[in-house]
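Predicted, not measured: the structure shown is a model, and the values here were computed from it.
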Amino acid sequence: MTLHFSDLLRADDVFVDVDAGSKKHALQLLSHALADIIDKASDDDVFQALLDRERLGCTASSGGVALPHARIGGIDSPRAALIRLQHAIDFDSTDAPDVDVLFGFLLPLQTNADEDEQLRRLTDAFLDLDAIASMRDAPDAQSLYGALIGLENHVTSATTVP
(Lines give C-alpha, C1' and ligand atoms only; values in the text may rest on other atoms or scores of the structure.)
Protein backbone atom coordinates (compact mmCIF):
# COMPACT_ATOMS: atom_id res chain seq x y z
CA MET A 1 0.00 0.00 0.00
CA THR A 2 1.27 3.46 -0.92
CA LEU A 3 0.86 6.29 1.57
CA HIS A 4 -0.60 9.55 0.26
CA PHE A 5 -1.06 12.99 1.80
CA SER A 6 -4.81 12.36 1.67
CA ASP A 7 -4.23 9.38 4.00
CA LEU A 8 -2.62 11.69 6.57
CA LEU A 9 -4.92 14.69 6.52
CA ARG A 10 -8.19 16.07 5.20
CA ALA A 11 -8.88 19.51 3.83
CA ASP A 12 -10.23 20.40 7.31
CA ASP A 13 -6.72 19.79 8.70
CA VAL A 14 -5.26 22.67 6.67
CA PHE A 15 -5.06 26.20 8.07
CA VAL A 16 -4.03 29.43 6.33
CA ASP A 17 -2.93 32.85 7.52
CA VAL A 18 -2.31 31.64 11.05
CA ASP A 19 -0.72 34.25 13.30
CA ALA A 20 2.22 32.86 15.29
CA GLY A 21 4.84 35.15 16.76
CA SER A 22 7.42 32.50 17.59
CA LYS A 23 8.45 28.91 17.05
CA LYS A 24 6.95 27.95 20.41
CA HIS A 25 3.65 29.59 19.56
CA ALA A 26 3.56 27.90 16.14
CA LEU A 27 4.21 24.52 17.76
CA GLN A 28 1.42 25.18 20.28
CA LEU A 29 -1.01 25.96 17.46
CA LEU A 30 0.12 22.89 15.55
CA SER A 31 -0.25 20.77 18.70
CA HIS A 32 -3.81 21.95 19.11
CA ALA A 33 -4.64 21.09 15.50
CA LEU A 34 -3.05 17.64 15.77
CA ALA A 35 -4.69 16.86 19.12
CA ASP A 36 -8.08 17.76 17.63
CA ILE A 37 -7.44 15.40 14.70
CA ILE A 38 -6.41 12.35 16.70
CA ASP A 39 -8.67 13.01 19.69
CA LYS A 40 -6.58 10.63 21.80
CA ALA A 41 -4.05 13.01 23.33
CA SER A 42 -4.16 16.41 24.93
CA ASP A 43 -2.72 19.53 23.35
CA ASP A 44 -0.07 19.50 26.09
CA ASP A 45 0.96 15.89 25.37
CA VAL A 46 1.32 16.60 21.66
CA PHE A 47 3.14 19.88 22.32
CA GLN A 48 5.61 18.16 24.66
CA ALA A 49 6.23 15.38 22.12
CA LEU A 50 6.93 17.94 19.38
CA LEU A 51 9.21 19.94 21.67
CA ASP A 52 11.12 16.81 22.67
CA ARG A 53 11.67 15.99 18.98
CA GLU A 54 12.77 19.57 18.21
CA ARG A 55 15.39 19.31 20.95
CA LEU A 56 16.98 16.46 18.99
CA GLY A 57 17.36 18.73 15.97
CA CYS A 58 15.48 21.50 14.24
CA THR A 59 12.89 20.28 11.74
CA ALA A 60 13.10 23.37 9.52
CA SER A 61 14.26 22.70 5.99
CA SER A 62 15.18 24.75 2.98
CA GLY A 63 12.46 26.81 1.43
CA GLY A 64 10.92 28.06 4.68
CA VAL A 65 9.17 24.80 5.54
CA ALA A 66 9.26 22.96 8.88
CA LEU A 67 8.27 19.33 9.39
CA PRO A 68 7.64 18.98 13.13
CA HIS A 69 6.81 15.40 14.04
CA ALA A 70 6.75 12.98 16.95
CA ARG A 71 5.79 9.46 17.90
CA ILE A 72 2.84 9.20 20.24
CA GLY A 73 0.85 6.39 21.80
CA GLY A 74 -2.81 5.75 21.13
CA ILE A 75 -2.79 6.09 17.35
CA ASP A 76 -2.64 3.33 14.75
CA SER A 77 -1.63 5.35 11.70
CA PRO A 78 0.17 8.63 10.96
CA ARG A 79 -1.90 11.83 11.07
CA ALA A 80 -0.96 15.33 9.96
CA ALA A 81 -1.92 18.99 9.84
CA LEU A 82 -0.70 21.74 7.53
CA ILE A 83 -0.39 25.34 8.66
CA ARG A 84 0.61 28.33 6.55
CA LEU A 85 1.55 31.29 8.71
CA GLN A 86 0.73 34.93 8.05
CA HIS A 87 4.39 35.84 8.53
CA ALA A 88 7.54 33.76 8.50
CA ILE A 89 9.11 33.10 11.91
CA ASP A 90 12.56 32.19 13.14
CA PHE A 91 12.56 28.43 13.71
CA ASP A 92 15.95 28.32 15.48
CA SER A 93 17.76 26.89 12.47
CA THR A 94 21.30 27.94 11.68
CA ASP A 95 21.07 26.95 8.02
CA ALA A 96 17.41 27.33 6.99
CA PRO A 97 15.40 30.48 6.31
CA ASP A 98 12.51 31.62 8.48
CA VAL A 99 9.51 29.28 8.32
CA ASP A 100 6.01 30.08 7.08
CA VAL A 101 4.77 26.56 6.22
CA LEU A 102 4.49 23.82 8.87
CA PHE A 103 3.60 20.26 7.97
CA GLY A 104 3.28 18.55 11.33
CA PHE A 105 2.63 14.88 11.77
CA LEU A 106 2.27 12.30 14.48
CA LEU A 107 3.39 8.71 14.12
CA PRO A 108 2.38 5.61 16.05
CA LEU A 109 4.99 4.40 18.51
CA GLN A 110 5.78 1.48 16.19
CA THR A 111 6.10 1.66 12.41
CA ASN A 112 7.81 -0.67 9.97
CA ALA A 113 10.58 0.16 7.51
CA ASP A 114 8.15 0.39 4.56
CA GLU A 115 5.94 2.89 6.40
CA ASP A 116 8.98 4.95 7.39
CA GLU A 117 10.19 5.00 3.77
CA GLN A 118 6.79 6.09 2.49
CA LEU A 119 6.70 8.95 5.01
CA ARG A 120 10.21 9.97 3.99
CA ARG A 121 9.11 10.00 0.33
CA LEU A 122 6.14 12.21 1.17
CA THR A 123 8.16 14.66 3.22
CA ASP A 124 10.80 14.81 0.47
CA ALA A 125 8.07 16.43 -1.60
CA PHE A 126 8.62 19.57 0.50
CA LEU A 127 12.03 20.00 -1.14
CA ASP A 128 10.39 21.10 -4.40
CA LEU A 129 10.64 24.89 -4.14
CA ASP A 130 8.31 25.54 -7.09
CA ALA A 131 5.61 23.40 -5.51
CA ILE A 132 6.12 25.13 -2.16
CA ALA A 133 5.67 28.48 -3.93
CA SER A 134 2.31 27.25 -5.26
CA MET A 135 1.32 26.37 -1.69
CA ARG A 136 2.20 29.91 -0.60
CA ASP A 137 0.10 31.35 -3.42
CA ALA A 138 -3.02 29.34 -2.49
CA PRO A 139 -5.75 31.82 -1.55
CA ASP A 140 -7.54 29.60 0.99
CA ALA A 141 -7.31 26.33 2.91
CA GLN A 142 -9.08 24.29 0.22
CA SER A 143 -6.68 25.56 -2.43
CA LEU A 144 -3.71 24.91 -0.15
CA TYR A 145 -4.92 21.34 0.35
CA GLY A 146 -5.19 20.99 -3.43
CA ALA A 147 -1.64 22.32 -3.83
CA LEU A 148 -0.43 19.76 -1.28
CA ILE A 149 -2.09 16.93 -3.21
CA GLY A 150 -0.56 18.36 -6.40
CA LEU A 151 2.83 18.40 -4.71
CA GLU A 152 2.50 14.68 -4.04
CA ASN A 153 1.42 14.03 -7.63
CA HIS A 154 4.35 16.06 -8.95
CA VAL A 155 6.90 14.15 -6.88
CA THR A 156 5.29 10.79 -7.66
CA SER A 157 5.35 11.44 -11.41
CA ALA A 158 8.93 12.75 -11.22
CA THR A 159 10.13 9.55 -9.54
CA THR A 160 8.17 7.11 -11.67
CA VAL A 161 10.30 5.13 -14.11
CA PRO A 162 8.63 4.66 -17.52
Do [X] and [Y] come within less than 4.5 Å of each other through their side chains, counting heavy atoms only?
X: Ile83; Y: Val101; value: no
X: Leu51; Y: Lys24; value: no
X: Leu50; Y: Ser31; value: yes
X: Glu54; Y: Thr59; value: yes
X: Leu122; Y: Gln118; value: no

Side chain to side chain contact (heavy atoms under 4.5 Å, CB included) partners for Leu129, two or more places apart: none
Which residues share a side chain to side chain contact (heavy atoms under 4.5 Å, CB included) with Ala33, sequence neighbours left out: Phe15, Ala81
Arg10 with Asp13: basic N within carboxylate O range, under 4.0 Å: yes
Basic-acidic side-chain contact under 4.0 Å: Arg84, Asp17: yes
Ring centers of Phe5, Phe103 separated by less than 6.0 Å: yes
Asp137-Ser134 side chain donor-acceptor pair, cut-off 3.5 Å: no
Donor + acceptor pair across side chains of Asp52, Gln48 (<3.5 Å): yes
Backbone of Phe105 reached by a side-chain donor or acceptor of Arg79 within 3.5 Å: no
Side-chain donor/acceptor of Asp128 to backbone N/O of Ala125, under 3.5 Å: no
For the student: nearest non-hydrogen atoms of Leu82 and Met135, plus distance: CD2-CE, 3.7 Å
Test side chain to side chain donor-acceptor pair (under 3.5 Å) applied to Glu115 - qualifying residues, sequence neighbours left out: none
Kindly list each side-chain donor-acceptor pair under 3.5 angstrom involving residues 63-75, sequence neighbours excluded, with atom names and distances?
residue: His69; atom: ND1; partner: Leu67; partner atom: O; Å: 2.7
residue: His69; atom: NE2; partner: Arg53; partner atom: NE; Å: 3.2
residue: Arg71; atom: NH1; partner: Pro108; partner atom: O; Å: 3.0
residue: Arg71; atom: NH1; partner: Thr111; partner atom: OG1; Å: 3.1
residue: Arg71; atom: NH2; partner: Thr111; partner atom: OG1; Å: 3.2

Under 3.5 Å, which donor-acceptor pairs do the side chains of residues 85-92 form with other protein atoms, sequence neighbours left out?
residue: Asp90; atom: OD1; partner: Asp92; partner atom: N; Å: 2.9

ring-ring contact (aromatic ring centres under 6.0 Å, His included) against Phe47, all qualifying residues, sequence neighbours excluded: none
Working for side chain to side chain contact (heavy atoms under 4.5 Å, CB included), residues Leu119 and Leu8: CA-CA 10 Å; Leu119 278 167; Leu8 300 176; 4.2 Å; yes
